[in-house]
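Structure first, commentary second.
All figures in this text were calculated on a predicted structure; none of them were measured in a lab.
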Amino acid sequence: MTLKSLIFDVDGTLADTEEAHRMAFNDAFQAAELGWSWGVALYKDLLAVTGGKKRIRFFLETTNDPALSRPDLDELISNLHASKTEFFINRLKNGQVPLRPGIEQLILSAREQKMPISIATTTTPINVETLIRVNLGDDALNWFEAIGDGGKVPELKPEPDVYNWVLEKINLKPEETLALEDSKNGVVAARGANIPVLVVTNDYTIGQDFTGALDVLETYDGLTLEDLKASHAKA
Ligand code: XBP
Ligand code: MG
């Protein structure tokens, strides 16, 4: 089936954001004087759970932290996540999170060739908006036909909800689209919506189980729209 639209994941795909997310979580923990600190190896494990709030809870559960018995636990997690989001946005605005090499070129080629593009992510809406504005300009948000994010659907990846939400908005069959993902959770989500998926790994996701992906690559640098069409043709 002809490829008619591309659907980009955000974290780990448009940009290597996870180090900035990790540091923003730590900034929030420090500001709240909690004494928690997430190193790279621990964060790699915590990425098994998508969504920042769920990730904080998962951390407390795996470490059996006494905070679990706090009556205000939900509020604590909500406040920590709001603070983390502010720290993360500041890092974006300071230019600390560029797009992955090759991504801007791919997006511009898609625009030139009138191939519609969308986003399917589980991150917080303001994170997506700011990443795009800072790196591609204020107008770039209009380049995307649909922006599905963690605020739009009840269940985050690996559930397929955000991909199904995008499909409904762009009014295409799943086989007419191609998802660009970096993680196992992303592959499971896209395949759950019957969308063919190409994986480009990063340091946090390399080595994960990408069963169901059309191809697994390591970089977008030099990758063309023709390459994506060739990969999609294998579906
Ligand atoms: C990324 C995520 C997000 C971010 C943190 O998934 O799981 O939770 O790590 O962002 P995807 P929030 O690659 O599918 O976008 O703290 O805003 O959830
Ligand atoms: Mg991702």
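Counting only N and O atoms by type, the side chains of Asn142 and Asp139 include a donor and acceptor under 3.5 Å apart. Side-chain atoms of Thr121 and Asp149 form no donor-acceptor pair, as typed in the model, at a separation below 3.5 Å. A donor-acceptor contact under 3.5 angstrom links the side chains of Tyr204 and Glu19, judged on distance only.
Atoms CD1 and CG, on Ile103 and Leu14 in that order, are 5.5 Å from each other to the nearest 0.5 Å. The CG atom of Asp11 lies 9.0 Å from the OG1 atom of Thr124; values are rounded to the nearest 0.5 Å. Residue Leu198 holds its CG atom at 6.0 Å from CG of Asp215, rounded to the nearest 0.5 Å. The structure places CZ of Arg57 at 9.5 Å from CG of Leu76, a figure rounded to the nearest 0.5 Å. One finds the CG atom of Asp182 at 12.5 Å from the CG atom of Leu217 (value rounded to the nearest 0.5 Å). Separation of atoms CG (Asn127) and CZ (Arg91) is listed at 13.0 Å; rounding is to 0.5 Å.
Of the possible donor and acceptor atoms, none in the side chain of Thr50 sits under 3.5 Å from a partner among the backbone N and O of Thr122. Remark: the backbone N or O of Asn79 is not paired with any side-chain donor or acceptor of Ser83 at under 3.5 angstrom. With Asp227 contributing its side chain and Leu223 its backbone, the two residues share no donor-acceptor pair below 3.5 Å. One N or O on the side chain of Ser183 and one on the backbone of Gly186 form a donor-acceptor pair closer than 3.5 Å. A donor-acceptor distance shorter than 3.5 angstrom exists from the side chain of His232 to the backbone of Glu175, with no hydrogens or angles considered. Remark: the backbone N or O of Phe59 is paired with a side-chain donor or acceptor of Thr62 at under 3.5 angstrom. In terms of modelled atom types and a separation under 3.5 Å, the side chain of Asn202 and the main chain of Thr205 share a donor-acceptor contact.
Residue-environment remark: CD (Gln96) exceeds the threshold of 12 foreign heavy atoms within 6.0 Å. A 6.0 Å sphere centred on NZ of Lys173 holds no more than 12 heavy atoms belonging to other residues, nucleotides or ligands. By the neighbour-count criterion of 12 heavy atoms within 6.0 Å, atom CD of Glu61 is densely surrounded, having more than that number from other residues, nucleotides or ligands. Counting non-hydrogen atoms of other residues, nucleotides and ligands closer than 6.0 Å to CG of Asp45 gives a total above 12. Heavy-atom contacts from other residues, nucleotides or ligands closer than 6.0 Å to NZ of Lys4 number 12 or fewer. For Glu86, the CD atom sits in a loose shell: 12 or fewer heavy atoms of surrounding residues, nucleotides or ligands are nearer than 6.0 Å.
Taking 4.5 Å as the limit, some side-chain heavy atom of Arg133 sits within range of a side-chain heavy atom of Leu141. Using a 4.5 Å cut-off on side-chain heavy atoms (C-beta onward), Val128 and Phe144 make no contact. Annotation: side chain of Ile132 is not in contact with side chain of Trp143 (no heavy-atom distance under 4.5 Å). Using a 4.5 Å heavy-atom cutoff, the side chains of Thr2 and Glu176 are not in contact. Using a 4.5 Å heavy-atom threshold, the side chains of Val97 and Asp16 count as separate. Side-chain contact between Leu180 and Tyr220: present, with at least one pair of heavy atoms (C-beta onward) separated by less than 4.5 Å. For the pair Ile195/Ile7, a side-chain contact is recorded, criterion being any heavy-atom separation below 4.5 Å from C-beta on. Within the 4.5 Å cutoff, the side chain of Tyr43 has heavy atoms near those of the Phe25 side chain.
When all heavy atoms of Pro116 and Ser5 are compared, the closest pair comes out as O-OG, 3.1 Å. Closest approach of Leu80 and Ala32 over heavy atoms only: CD2-CB, 3.9 Å. When all heavy atoms of Pro196 and Leu214 are compared, the closest pair comes out as CB-CD1, 3.7 Å. Of all heavy-atom pairs spanning Leu156 and Gly51, the tightest one is CD1-CA, 3.5 Å. Scanning all heavy atoms of the two residues, the minimum distance from Ala146 to Val166 falls at CB-CG1, 4.3 Å. The minimum heavy-atom distance between Ala15 and Leu131, with the atom names listed, is CB-CD1, 4.0 Å.
Ion pairing between a basic and an acidic side chain is recognised when a charged N comes within 4.0 Å of a carboxylate O; Asp74 and Lys53 show no such pairing. A salt bridge links Lys157 to Asp9: at least one charged side-chain nitrogen sits closer than 4.0 Å to a carboxylate oxygen. Using a 4.0 Å cut-off between charged side-chain N and carboxylate O, Arg100 and Asp221 make no salt bridge. A salt bridge does not link Glu18 with Lys44: every distance from a Lys NZ or Arg NE/NH1/NH2 to an Asp or Glu carboxylate oxygen is 4.0 Å or more.
At least one cation-pi condition fails for Lys54 and Phe58: the charged atom is not both under 6.0 angstrom from the six-membered ring centre and inside a 45 degree cone around its axis.
Side-chain heavy atoms closer than 4.5 Å link hydrophobic residues (I, L, V, M, F, W, Y) into clusters, and following such links, possibly through other members, connects Ile170 to Val162. Note on Phe8: it clusters hydrophobically with Val200, by side-chain heavy-atom contacts below 4.5 Å among ILVMFWY residues. Each of Val216 and Leu228 belongs to its own hydrophobic cluster when Ile, Leu, Val, Met, Phe, Trp and Tyr are linked at side-chain heavy-atom distances under 4.5 angstrom. Cluster membership for Tyr163 and Leu6, using ILVMFWY side-chain heavy atoms within less than 4.5 angstrom, is not shared. Using a 4.5 Å cut-off between side-chain heavy atoms of Ile, Leu, Val, Met, Phe, Trp and Tyr, with links allowed through other members, Met23 and Leu42 fall into different hydrophobic clusters.
Listed by first and then second residue, the side-chain hydrogen bond (donor to acceptor under 3.5 Å, both in side chains) pairs that reach into residues 185-195 come to none, sequence neighbours excluded.
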Decide yes or no on side chain to side chain contact (heavy atoms under 4.5 Å, CB included) for Asn94 and Leu92, but give the supporting numbers first.
-> CA-CA 5 Å; Asn94 291 340; Leu92 293 181; over 6 Å; no
Applying ring-ring contact (aromatic ring centres under 6.0 Å, His included), run through Phe29 and Trp38 and close with a yes or a no.
-> CA-CA 9 Å; Phe29 299 154; Trp38 292 355; 5.0 Å; yes
Begin with the C-alpha distance, continue with both residues' side-chain angles, and end with the deciding distance and a verdict on side chain to side chain contact (heavy atoms under 4.5 Å, CB included) for Ile56 and Lys84.
-> CA-CA 11 Å; Ile56 295 170; Lys84 174 262 170 180; 5.9 Å; no
Stepwise side chain to side chain contact (heavy atoms under 4.5 Å, CB included) check, Lys229 with Gln113 = CA-CA 12 Å; Lys229 286 178 189 168; Gln113 296 190 35; 3.3 Å; yes
Report the C-alpha distance between Asn135 and Glu104 in whole Å, list the side-chain angles of each, state the deciding distance to 0.1 Å, and finish with yes or no for side chain to side chain contact (heavy atoms under 4.5 Å, CB included).
-> CA-CA 9 Å; Asn135 286 292; Glu104 182 168 0; over 6 Å; no
List the atom pairs, with distances to 0.1 Å, where a side-chain N or O of residues 206-213 and a protein N or O form a donor-acceptor pair under 3.5 Å, not counting sequence neighbours.
unit_1	atom_1	unit_2	atom_2	d
Gln208	OE1	Lys184	N	2.7
Asp209	OD1	Thr211	N	2.9
Asp209	OD1	Thr211	OG1	2.5

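Legend: residues meeting side chain to side chain contact (heavy atoms under 4.5 Å, CB included) with Asn171, ordered by chain and number and at least two apart, are absent.
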